[in-house]
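Here is the structure we will look at.
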Amino acid sequence: MDREFTEKLTIFWESGAIMLVDQTKLPIAYKLIKITTINQLINAINRLKVRGAPALGAAGAYGIALAAHNSRARTVSKLKTHVHAAGRSILATRPTAANLFYGVDRVLKAIEPCITSDEVRETALDEAIRIAEEDVITNKALSVVGASLLKDGDVVMTYCNAGRLATVGWGTALGVIRSAIKEGKRIAVYACETRPLNQGSRITAFELLEDNIPTTLIADNMAAWIMRQGKIDHVIVGADRITRSEVYNKVGTYMLAICAKNHGIPFYVAAPLSTFDYESSVVKIEERDANELRFCGGQQIAPSAVQVENPAFDATPVEFITGIITEEGIMDPQHIFHRSDTQS
Ligand code: MRU
C-alpha cells in the first residue's frame, strides 16, 4: 500500500520573504502569512504562529537570510554585524528549543568566510534553504526507523504536535505514524489536547484527520486512565532539546512518561540529531504569559488575580524513555553519545 499524505511545506522562502502557516488559526483556517521583517518574525515566534522545534530551526535560519536580504549596510563587516544582532534577537524569543539555535548558528557560521555583501546574502539564503530541505529528508529517515517499531493494529498515544506542522514537512512523532501507515500497517492515534495552548487538539488532530489517520482526542488528565484500560501500545512524542540526561518537550510529557512506565508501555521520543545538545548542563525552560492559563479561546476561565505558573516545557529523565528515534537509528537514551565521542 502506498498511501498519499499531505506534503505541503509549512515554511519556505518566496520572493524575498518567509512564508509560513499561521498555526494560531488552526483548526479553523489553514492560512499562509508573509514575513518581511525581523520584527514580524519575532512576533510570529513569540505568539506561536510558527512553533515546534524543527520548524523554529528553519524559521531562525530563514530569519538570518531575511536580515541579510533587508539590510542596506554599506560594508560587508557592517552587514555581518547587523545580521548577528538579528540572530541574537531571534534567539531571545524561545530559549528551550535547541533547533532554533542550530538554525541561526549554522547560517551565521556559513557566512563567516564571505567577503562581499552579495556573497553573504546568497550564502545565508542557500544555507537556510538547505536546512529546510534537510529537515524533511531527516524526518522521513527517522520516521522509517521508527515505523519498524510499530506493528499492524497498534495504537499510539502522542502529545502536543510533533507533526508536519511542527517541522518543515512530514513530522517526527507523527512522521513515524505516517511511515508505518505507508508501509501498510493500520495505526490509530490518541492525541492529548495539550493545555494550555491546545497544540494537540488544534494542530495534531487537524493534521491527522487531514491525512485520514484514525484519531481520538482526549483531555490531558485522561491519559493514565486510557493507558490503564490497555488501549495504548506505544507513546511517541517529539522533543525540543535532548541532553545526556533529560528530554525537554512540551510540559506534560514527563507526566505521560511516568504513566507509561507504570503501565509497561514503551515510551519513545522521535527527534532529529539537530535537537541534541551535548554541552548544556542547565537548560532554560521558557515561562509563558499567565493569561494563557487564565483564558481559553478568548474566554476568561480563572480569576484575574490568581497566581499562575506556566512553564512551556518539562524535562523527562532518560530512564523513563525506552528509545530515541533518530535518522541514524534508535538511540539508547541512557547512553547518549556525540558522534565525536565515538571517534578514537
Ligand atoms: O510550544 P511549542 O508548541 O513550540 O512546543 C512544541 C513541542 O513541544 C513539540 O513536541 C516539539 O517541539 C517537537 S516538534 C517535532
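Remember, it's a predicted structure, so these values are computed and weren't measured experimentally. Order of appearance sets the numbers: ligands from 1, and atoms from 1 within every ligand. Every heavy atom of this structure was used, including side-chain atoms; hydrogens, water molecules and symmetry mates were not.
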Polar proximity ligand 1 side, A53 side, N/O cut 3.5 Å exclusive: yes

Quick check: Y159 and ligand 1, any N/O pair under 3.5 Å apart? no

Best match, T172, N249, L100: closest heavy atom to atom 15 (C) of ligand 1: T172

Hey, looking at atom 2 (P) of ligand 1, which of R241, R288, R164, R51 has the closest heavy atom? R51

Once the angle between the rings of H234 and Y268 is folded into 0 to 90°, is it parallel (under 30°), tilted (30 to 60°) or perpendicular (over 60°)? tilted

By the rule that ILVMFWY residues connect when side-chain heavy atoms come within less than 4.5 angstrom, directly or transitively, which residues belong alongside V308? L293, V306

Look at ligand 1 and say whether E286 reaches it with a heavy atom at a distance under 4.0 Å. no

Any heavy atom of A312 closer to ligand 1 than 4.0 angstrom? no

Using distance only, find each side-chain donor-acceptor pair of residues 46-60 under 3.5 Å and give its atom names and separation, not counting sequence neighbours.
unit_1	atom_1	unit_2	atom_2	d
N46	ND2	I42	O	3.4
R51	NH1	Q23	OE1	2.8
R51	NH1	N161	OD1	3.2
R51	NH2	N161	O	2.8

For T275, run the side-chain hydrogen bond (donor to acceptor under 3.5 Å, both in side chains) check against N99, T172, D240 and tell me which one passes. N99

Is there a donor-acceptor contact under 3.5 Å linking the side chains of T138 and D135? no

Below 4.0 Å from any atom of ligand 1, is there a heavy atom belonging to T253? no

Given E7, which of R164, K140, K182, R178 fulfils the salt bridge (Lys or Arg N to Asp or Glu O under 4.0 Å) condition? K140

Looking only at distances, please establish whether an N/O atom of ligand 1 is found under 3.5 Å from an N/O atom of G52. yes

